Amino acid sequence: MGKSRNPRRGSGAAAVVEPVDGGLAELIPDRDRARAWTLFVDGAPQSHVDLDDPAYLSFEYQRRLGHVIDLAAPPGKPVHAVHLGGGAFTLARYVAATRPRSTQQVVERDAALVQLVRRELPLDTGARIRVRSVDAREGLAKVPDGWADLVIADVFSGARTPAHLTSTEFLDEVRRALKPGGLYAANLADGPPLAHLRGQIATAAARFPELALVADPTVLRGKRFGNAVLVACDHPIPIAELTRRAASDPHPGRVEHGRPLTDFAGGAVPVSDAAAVASPAPPASVFR
């Protein structure tokens, strides 16, 4: 199947539709923003990018990851960042815009998707962003010990997080790559009864002394399928500031940490490579 372009949403821009390794990719123009696009893969929204304003984050989970980026170092200070899962490079663009001179590595297995995004939504030529088209864990293994101020995991295959990115062994690699005090943040997706999310909290707690979870309260109550951002560190996380930022979002998020987060995990046990399974598939209604 070849590339097709179709006028969409009355914006004057044309949608770009073409197959990639992970399915059918669609770049749909944003009717409200002149040079903004949403990336879908097999109908599932992956990223939103505004080329004129890369510091703008549209998706609520990306806004929450943006808060973690903001708190990873003093404002404007360059960081070393690793992004596991590339999508349209939204968060790498955000780091480059808000923390100039940062050095970043993006690991995105889907080489055809990388080519599509580079062609249609090119990165700033001055941004220090290196993209590797390999498996996320393989790419992480190439990061030098103690190199990263920030590791962000946002990897989905068929709308599910692959099993090998959910284990204690995977988090051992994350810790190896992080500097002391570096932050790990993962975009997790789950729905009732939240067994996957609870297991991921227990897994992170087995490797990091400090944890926080940011999510829509209805997701935390098990009322619907949705995203939660898990934050982990070997130093105290700035909970008060994270809470303030999450609460001020257009779709406010709740932050859990400490004993309430332990209670929320409800006795779940850490996940090993041997026992790991992919995150649950979202209901078909989620993307309608």
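The figures that follow rest on heavy atoms only: side chains count, while hydrogens, waters and symmetry mates do not. Source: prediction; values computed, not measured.
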Backbone N or O of A111 within a donor-acceptor pair of the D21 side chain at under 3.5 Å? yes
Residue R130 excluded, over 12 heavy atoms near CZ under 6.0 Å: no
Grab the two heavy atoms, one from A228 and one from A215, that are nearest each other, plus how far apart they are. CB-CB, 3.7 Å
Which residue, V82, V79, L91, V95, forms the side-chain contact (heavy atoms from CB on, under 4.5 Å) with Q104? V95
Main-chain N/O of R207 paired with R175 side-chain donor or acceptor, under 3.5 Å: yes
Start with the C-alpha distance between Q115 and S133, add both sets of side-chain angles, then the distance that settles side-chain contact (heavy atoms from CB on, under 4.5 Å), and finish with yes or no. CA-CA 10 Å; Q115 291 178 356; S133 294; over 6 Å; no
Apply side-chain contact (heavy atoms from CB on, under 4.5 Å) to residues V231 and L71 and explain how you reach the verdict. CA-CA 11 Å; V231 186; L71 298 174; over 6 Å; no
Parallel, tilted or perpendicular, as decided by the 30° and 60° cut-offs, for the rings of H80 and W147: parallel
What do you reckon, is CZ of R132 surrounded by more than 12 foreign heavy atoms closer than 6.0 Å? yes
Note: L116 and A25 closest approach over all heavy atoms is CD2-CB, 3.7 Å
Where the side chain of D50 meets the backbone of D52, is there a donor-acceptor pair that is under 3.5 Å apart? yes
Quick check: does any side chain N or O of D42 sit under 3.5 Å from a backbone N or O of L24, one acting as donor and the other as acceptor? yes
Output the distance between atom CD (E173) and atom CG (L178), rounded to the nearest 0.5 Å. 11.0 Å
Any side-chain donor near an acceptor of the partner, D216 and Y61, under 3.5 Å: no
Evaluate Y94 against D70 for side chain to side chain donor-acceptor pair (under 3.5 Å), listing each step before the verdict. CA-CA 10 Å; Y94 180 84; D70 292 344; 2.8 Å; yes
Closer than 4.0 angstrom, basic N to acidic O: yes or no for R259 and D263? yes
Output yes when D149 and R99 qualify as a salt bridge under the 4.0 Å nitrogen-oxygen rule, no when they do not. no
Taken to the nearest 0.5 Å, the spacing of R109 CZ from L84 CG works out to 13.5 Å
For P180, does its backbone N or O pair with a side-chain atom of D234 as donor and acceptor, under 3.5 Å? no
Taking a hydrophobic cluster as the set of Ile, Leu, Val, Met, Phe, Trp and Tyr residues connected by side-chain heavy atoms closer than 4.5 Å, whether directly or through intermediates, do L140 and V271 fall within one such cluster? no
Can you hop from I201 to L220 via hydrophobic side chains spaced under 4.5 Å? yes
Classify the ring geometry of H48 against F59: parallel below 30°, tilted from 30° to 60°, perpendicular beyond 60°. tilted
Of all heavy-atom pairs linking A97 and P54, the shortest is CB-CG, 3.9 Å
Minimum heavy-atom separation for A212 to I239, with atom names? CB-CD1, 3.7 Å
Nearest heavy-atom neighbours spanning I237 and C233: CG1-CB, 4.0 Å
Do L261 and L171 belong to the same hydrophobic cluster, where Ile, Leu, Val, Met, Phe, Trp and Tyr are linked whenever their side-chain heavy atoms lie under 4.5 Å apart, directly or via other members? yes
CG/N187 to CD1/I152 distance, rounded to the nearest 0.5 angstrom? 10.0 Å
Does this structure show an ion pair linking R198 with D190, if we count only N-O contacts that are shorter than 4.0 Å? no
Can you tell me if R128 uses its side chain to pair, donor with acceptor, with the backbone of S102 under 3.5 Å? no
Measuring from atom CD of Q200 to atom CG of L211, what distance do you get when rounded to the nearest 0.5 angstrom? 11.5 Å
Go through the steps for V41 and F156 under the test side-chain contact (heavy atoms from CB on, under 4.5 Å), then give the verdict. CA-CA 10 Å; V41 176; F156 288 87; over 6 Å; no
Less than 4.5 Å apart, any side-chain heavy atom of Y56 and any of R33? yes
With side-chain contact (heavy atoms from CB on, under 4.5 Å) as the test, would you mind laying out the steps for D135 and H164 before giving the verdict? CA-CA 10 Å; D135 174 77; H164 69 297; 2.8 Å; yes
Are V155 and F170 in one and the same hydrophobic cluster, where Ile, Leu, Val, Met, Phe, Trp and Tyr link if side-chain heavy atoms are under 4.5 Å apart? yes
Side-chain contact test, heavy atoms from C-beta onward, threshold under 4.5 Å: evaluate it for V277 versus H196 and give yes or no. no
Before accepting this row, confirm whether a basic side-chain N of the pair R63/E60 lies closer than 4.0 Å to the acidic partner's carboxylate O. no
